[in-house]
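Quick notes on the structure that follows.
Along the sequence shown, the residues carry numbers beginning at 1.
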Amino acid sequence: MTAAQPPVRILLCDDHAVVRAGLLALLGSEPDIEVVGEAGSGEEAVALAGLTPDVVLMDLQLGEGIDGVEATRRIVAGTDGAHVLVLTTYDTDADITRAIGAGATGYLLKAERPEELFAAIRSAAQGRTTLSPPVASRVMARMRRPLPTLTDRERDILGQLSRGLGNRDIARALFISEATVKTHLGRIYDKLGVDTRAGAVSVAKEQRLLP
């Protein structure tokens with residue numbers, strides 16, 4: 001590292017203090033990486049983004065409050081130059097799609113070796129995408145997979161979901177029963193490979209399935 005190459009400034013966000021302490025110790029062994037702040041919640045990470053980090057190491061599940069995806073979205077929208085590198089144990093299609101859709105530069109699993117984490121941080125600081133091999137495999141598999149075929153009713157329900165409506169309000173808007181809404185939601189989840197409402201909306205937006 002030279003005067004012309006300042007250290008990569010890192011903001012940590014993980015709701016487990018033990019994990020943050022471990023990452024602090026690990027990153028402290030690298031002379032070209034400097035931790036400038038640590039957050040235990042999504043809201044705290046958004047606030048600390050004012051420290052102008054180059055890279056935010058972001059977990060996805062953060063307990064109460066906003067999750068890592070929403071924190072990522074706010075940080076990317078509210079900062080100039082901060083790159084979010086997701087560091088998590090979750091590698092479902094829905095998690096990956098939501099994080100990348102929110103603007104994450106990379107997606108790394110906590111099982112990766114320290115050397116791979118260091119390399120991913122340096123790449124993220126330069127705006128280059130880094131994906132853990134299992135994550136890259138999932139992304140490629142999704143790209144090769146044919147787009148799901150949804151019925152008109154399923155598209156209608158997805159459209160209502162994207163507006164943030166609950167099952168009762170969807171049923172009223174479409175003049176169907178709540179039981180019918182739940183049945184269609186189950187089919188939508190299966191077709192999109194997700195298990196949450198947010199995941200369904202995220203995948204639907206990515207694949208342009210919304211009416």
By the salt bridge (Lys or Arg N to Asp or Glu O under 4.0 Å) test, which pairs, at least two apart or in different chains, include something from residues 120-132? Glu30-Arg122, Asp32-Arg122
For residues 146-155, which residue pairs pass the salt bridge (Lys or Arg N to Asp or Glu O under 4.0 Å) check, not counting sequence neighbours?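 Of all non-adjacent pairs touching residues 146-155, those that pass salt bridge (Lys or Arg N to Asp or Glu O under 4.0 Å) are Arg153-Asp156, Glu154-Lys191.
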Among residues at least two apart in sequence or on other chains, which ones pass side chain to side chain donor-acceptor pair (under 3.5 Å) with [X]?
X: Glu34; result: none
X: Ser177; result: Thr180
X: Ser132; result: Glu112
X: Thr88; result: Asp59

Can you tell me if CZ on Phe118 sees more than 12 non-hydrogen neighbours from other groups inside 6.0 Å? yes
Counting neighbours of NZ on Lys205 that are heavy atoms of other residues, nucleotides or ligands and sit closer than 6.0 Å, is the number greater than 12? no
Cluster check [X], [Y]: I/L/V/M/F/W/Y, side chain < 4.5 angstrom:
X: Val203; Y: Ile170; result: yes
X: Val69; Y: Ile96; result: yes
X: Val35; Y: Met58; result: no
X: Leu26; Y: Leu12; result: yes
X: Leu117; Y: Ile10; result: yes

What are the two closest heavy atoms between [X] and [Y], and how far apart are they?
X: Cys13; Y: Ser41; result: SG-O, 3.5 Å
X: Gly63; Y: Asp15; result: N-OD2, 3.6 Å
X: Leu108; Y: Ala120; result: CD2-CB, 3.8 Å
X: Ala125; Y: Val8; result: CB-CG1, 3.7 Å

Which residues satisfy the side chain to side chain contact (heavy atoms under 4.5 Å, CB included) test with Asn167, sequence neighbours excluded? Glu178, Val181, Lys182, Leu185, Arg197
Under the side chain to side chain contact (heavy atoms under 4.5 Å, CB included) test, which residues partner Thr129, sequence neighbours left out?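 With neighbours one apart ignored, the set is Leu131.
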Show which side-chain atoms of residues 80-87 pair as donor or acceptor with protein atoms under 3.5 Å away, not counting sequence neighbours.
{"residue": "His83", "atom": "ND1", "partner": "Thr105", "partner atom": "OG1", "Å": "3.4"}

Any chance you could lay out the side-chain contact (heavy atoms from CB on, under 4.5 Å) test for Glu116 and Thr130, step after step, and finish with the verdict? CA-CA 10 Å; Glu116 292 165 335; Thr130 300; over 6 Å; no
Would Gln160 and Leu174 count as a side-chain contact (heavy atoms from CB on, under 4.5 Å) here? Give the steps. CA-CA 9 Å; Gln160 301 299 322; Leu174 300 179; 4.3 Å; yes
pair [X]-[Y]: side-chain heavy atoms closer than 4.5 Å:
X: Arg163; Y: Asp169; answer: no
X: Leu109; Y: Pro134; answer: yes
X: Leu24; Y: Glu38; answer: yes
X: Leu60; Y: Tyr107; answer: yes

Checking one residue: Phe175. Which other hydrophobic residues are in its cluster under the side-chain 4.5 Å linking rule?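 None; Phe175 is a cluster of one.
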Qualifying side chain to side chain donor-acceptor pair (under 3.5 Å) pairs with a residue from residues 62-73, counting only residues at least two apart or across chains: Asp67-Arg98, Glu70-Arg73, Glu70-Arg74
From CG (Leu161) to CD1 (Ile157), nearest 0.5 Å: 7.5 Å
CG of Asp91 to OG of Ser137: how many Å apart, nearest 0.5 Å? 10.0 Å
For a quick test of your reading: what N or O donor-acceptor pairs under 3.5 Å do the side chains of residues 43-57 make, sequence neighbours left out?
{"residue": "Glu43", "atom": "OE2", "partner": "Ile66", "partner atom": "N", "Å": "3.0"}
{"residue": "Glu44", "atom": "OE1", "partner": "Gly40", "partner atom": "N", "Å": "3.0"}
{"residue": "Asp54", "atom": "OD2", "partner": "Arg9", "partner atom": "N", "Å": "2.7"}

